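Working notes for the structure below.
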Amino acid sequence: MGEGNSKIVIIGAGFVGATIAYTIAQHQLVHEVVLIDVNRDKAKGEAMDISHGLCHMGQMDVHEGDYSDCADSDIVIITAGVNRRPGETRLDLAKRNVPISKSITENIMKYYTRGVILVVSNPVDVLTYLVQKWSGLPNGRVMGTGTGLDSSRFRTLLSQKIGVDIRNVHGYMIGEHGDAMLPMWSATNIAGQTLDETCVAYGIDPLTDEEKEELLSMVKTGGAEVIKKKGATYFAIASVTASICETILKNQNTIKTVSSVINGPQGIYDVALSLPSVVSNMGVTKVLNLKLTEAEQAGLDSCVQKMKSFLAQVQATQYDGLER
Ligand code: NAD
């Protein structure tokens with residue numbers, strides 16, 4: 001860590017928020033981590049639990065706090081909200097999480113002085129769009145983890161399939177963090193080689209269309225399967241989020257599939273979704289214009305249509321308890 005006080009505020013100290021705090025502490029990314037939750041005891045308990053292990057990680061200040069801590073924060077991460085209950089639609093989830101995110105954004109903006117707002121709560125693309133609008137911040141200063149987790153799952157599965165170190169596997173899921181997401185097969189590469197070339201080099205048959213579909217289905221259902229087995233997902237999303245935080249804090253200009261409000265790239269306007277984007281200490285500073293195959297372009301077009309119609313549905317909904 002460099003000189004001066006660097007700070008991350010995490011709103012929501014549930015499974016996801018607490019695990020992000022722990023991951024940030026393990027990587028010693030900042031001097032100060034603040035946890036905020038409507039359940040103050042939960043936030044305090046998580047901060048205490050992480051602090052009790054700091055002698056094995058390094059000196060930092062992990063504590064429970066309130067919205068005034070957002071002042072001078074490098075990153076504010078929103079993880080508050082609820083998970084989808086069995087049988088619930090995405091709109092049902094939005095109905096519960098939109099009012100929560102609105103009141104959180106208003107509270108953040110009372111104290112905001114600088115930094116990036118990073119949305120993790122679901123539906124992440126819709127909430128990224130709305131928090132960007134509600135905050136009034138320059139476009140890109142608000143971003144969401146988007147398909148970061150899905151890209152991570154995609155890379156994991158490919159690495160397992162081929163038997164190659166995951167750090168050599170580059171691949172991007174784009175579009176929606178949801179069913180309409182799509183893989184950029186054309187940009188997938190392993191240490192600079194195409195997927196097919198790598199398969200040949202490893203003495204295995206190139207993936208058939210059926211195998212690709214199966215892999216995509218595993219990416220899409222991976223989260224639900226983890227939830228079915230252990231009740232929630234939090235380790236992988238915490239790693240994804242901590243990695244985005246490192247990029248922001250170190251101003252690395254790394255290309256990541258994160259969600260932001262797109263205005264222009266790929267001819268897409270006024271919707272938040274994930275495309276490979278340059279991430280710096282100012283948030284998303286550039287969204288790449290991709291060379292897609294015809295099939296990928298058609299997939300992205302239909303994803304955009306679906307996302308826009310869902311966003312319109314969410315915006316047309318009457319919300320109770322906006323004062324929460
Ligand atoms: P959780 O129920 O364990 O935790 C949510 C926390 O938010 C609780 O501690 C609750 O007290 C708090 N909270 C609720 N309303 C609040 C408010 N107004 N202000 C402050 N705190 C408030 O849930 P979780 O498993 O941690 O999941 C949190 C969110 O993250 C969910 O929306 C989930 O869908 C999402 N998630 C996103 C991804 C992704 O890839 N984007 C992955 C996993 C989970």
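Owing to the predicted nature of the structure, the values given are computational and were not obtained by experimental measurement. We count ligands from 1, going down the list as the structure has it; atoms in each ligand are counted the same way.
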I'd like to know if the side chain of [X] pairs up with that of [Y] as donor and acceptor (distance under 3.5 Å, no hydrogens or angles considered).
X      : Y      : value
Ser6   : His31  : yes
Asp66  : Ser68  : yes
Glu296 : Ser186 : yes
Asp301 : Gln305 : no
His63  : Glu32  : yes

Pairs of nitrogen or oxygen atoms closer than 3.5 Å, one from [X] and one from ligand 1: do any exist?
X      : answer
Asn39  : no
Ser103 : no
Val120 : yes
Ile237 : no

Numbering as shown, the atoms of ligand 1 that approach [X] to under 4.0 Å (heavy-atom distance):
X      : answer
Thr79  : 28 (C), 29 (C)
Thr233 : 42 (C), 43 (C)
Asn97  : 32 (O)

Subject >> Mode of Asp37 contact toward ligand 1 - side chain, backbone, both, neither (heavy atoms, under 4.0 Å) >> reply: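 Both backbone and side chain.
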Original post:
Taking non-hydrogen atoms only, is Asn122 closer than 4.0 angstrom to ligand 1 via side chain, backbone, both or neither?
Top reply: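 Both parts.
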Original post:
When Lys256 is tested against each of Ser277, Ser274, Ser243 for side chain to side chain donor-acceptor pair (under 3.5 Å), which residue passes?
Top reply: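 Exactly one candidate clears the test, Ser243.
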**OP:** Closest by any non-hydrogen atom to atom 2 (O) of ligand 1: pick that one out of Gly146, Ala43, Ala236, Gly81.
**Re:** Gly81
Original post:
Heavy atoms only: which of Val82, Asn83, Val38, Ile11 is nearest to atom 32 (O) of ligand 1?
Top reply: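 Selected option, by shortest heavy-atom distance: Val82.
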Original post:
Hey, do the aromatic rings of Phe154 and Trp185 have their centres closer than 6.0 Å?
Top reply: yes
**OP:** Output yes when Glu64 and Lys42 qualify as a salt bridge under the 4.0 Å nitrogen-oxygen rule, no when they do not.
**Re:**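 Salt bridge absent between Glu64 and Lys42.
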